[in-house]
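Everything below concerns the one structure shown next.
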Amino acid sequence: MNLDIVDAAELAELLQFLTGWIASDPARLAPSLLAFVGHPAYGLPQLRNDLDRFTFLLGGNDGEPLFQPGPLPALRPPPPALLITAGNPTSG
């Protein structure tokens, strides 16, 4: 199947619009997608990855979103015994 370049660009723009919309409110959209799909194996991260891949295949981006590292784990402060303060460098 051949797709006209103008149609491909328009479709890529639509996919980018949907990706942005999903990113704007994941707290509300994730439960809605779960209710629609019926299983947690396909969630917002998988949907966004599919949209990014299709956008790339249509020439709508350079594929960079496909190769972004995942979210970093939450950083936790060190345990209180290891905290160093200016007045007491060996607090603990």
Side-chain angles (χ1 to χ4, degrees):
M1 176 178 162
N2 293 325
L3 188 60
D4 182 69
I5 193 160
V6 173
D7 293 336
E10 190 172 335
L11 182 54
E13 287 176 1
L14 175 62
L15 295 173
Q16 290 171 329
F17 174 82
L18 292 173
T19 299
W21 175 63
I22 290 168
S24 74
D25 197 4
R28 263 196 301 186
L29 296 174
S32 177
L33 181 62
L34 176 59
F36 180 75
V37 172
H39 195 277
Y42 190 81
L44 288 184
Q46 291 80 14
L47 178 58
R48 289 183 66 188
N49 188 49
D50 286 344
L51 293 171
D52 287 336
R53 184 169 49 90
F54 294 141
T55 302
F56 169 71
L57 293 173
L58 290 166
N61 68 35
D62 61 2
E64 186 176 345
L66 299 172
F67 303 107
Q68 296 289 329
L72 296 174
L75 296 176
R76 289 180 254 172
L82 298 178
L83 288 176
I84 298 175
T85 61
N88 185 359
T90 58
S91 177

If you look only at distance, which donor and acceptor atoms sit under 3.5 Å apart when one is on a side chain in residues 10-24 and the other is two or more places apart or in another chain?
unit_1 : atom_1 : unit_2 : atom_2 : d
Gln16  : NE2    : Gly60  : O      : 2.8
Thr19  : OG1    : Leu15  : O      : 2.9
Ser24  : OG     : Trp21  : O      : 2.7

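- Here the CG atom belonging to Leu58 is positioned 11.0 Å from the CZ atom belonging to Arg53, to the nearest 0.5 angstrom.
- Contact annotation: the side chain of Val37 never approaches that of Leu47 to less than 4.5 Å [non-hydrogen atoms, C-beta and beyond].
- Side-chain contact check for Phe54 versus Asp50: some heavy-atom pair is nearer than 4.5 Å.
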Identify each donor-acceptor pair in which a side-chain atom of residues 25-32 lies under 3.5 Å from a protein atom, sequence neighbours left out, and give them as a table.
unit_1 : atom_1 : unit_2 : atom_2 : d
Asp25  : OD2    : Arg28  : NE     : 2.6
Asp25  : OD2    : Arg28  : NH2    : 2.8

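- Counting side-chain heavy-atom gaps under 4.5 Å among Ile, Leu, Val, Met, Phe, Trp and Tyr, Leu34 is found in no cluster with other residues.
- Counted within 6.0 Å of CG on Leu3, heavy atoms from surrounding residues, nucleotides or ligands total more than 12; the atom is thus considered enclosed.
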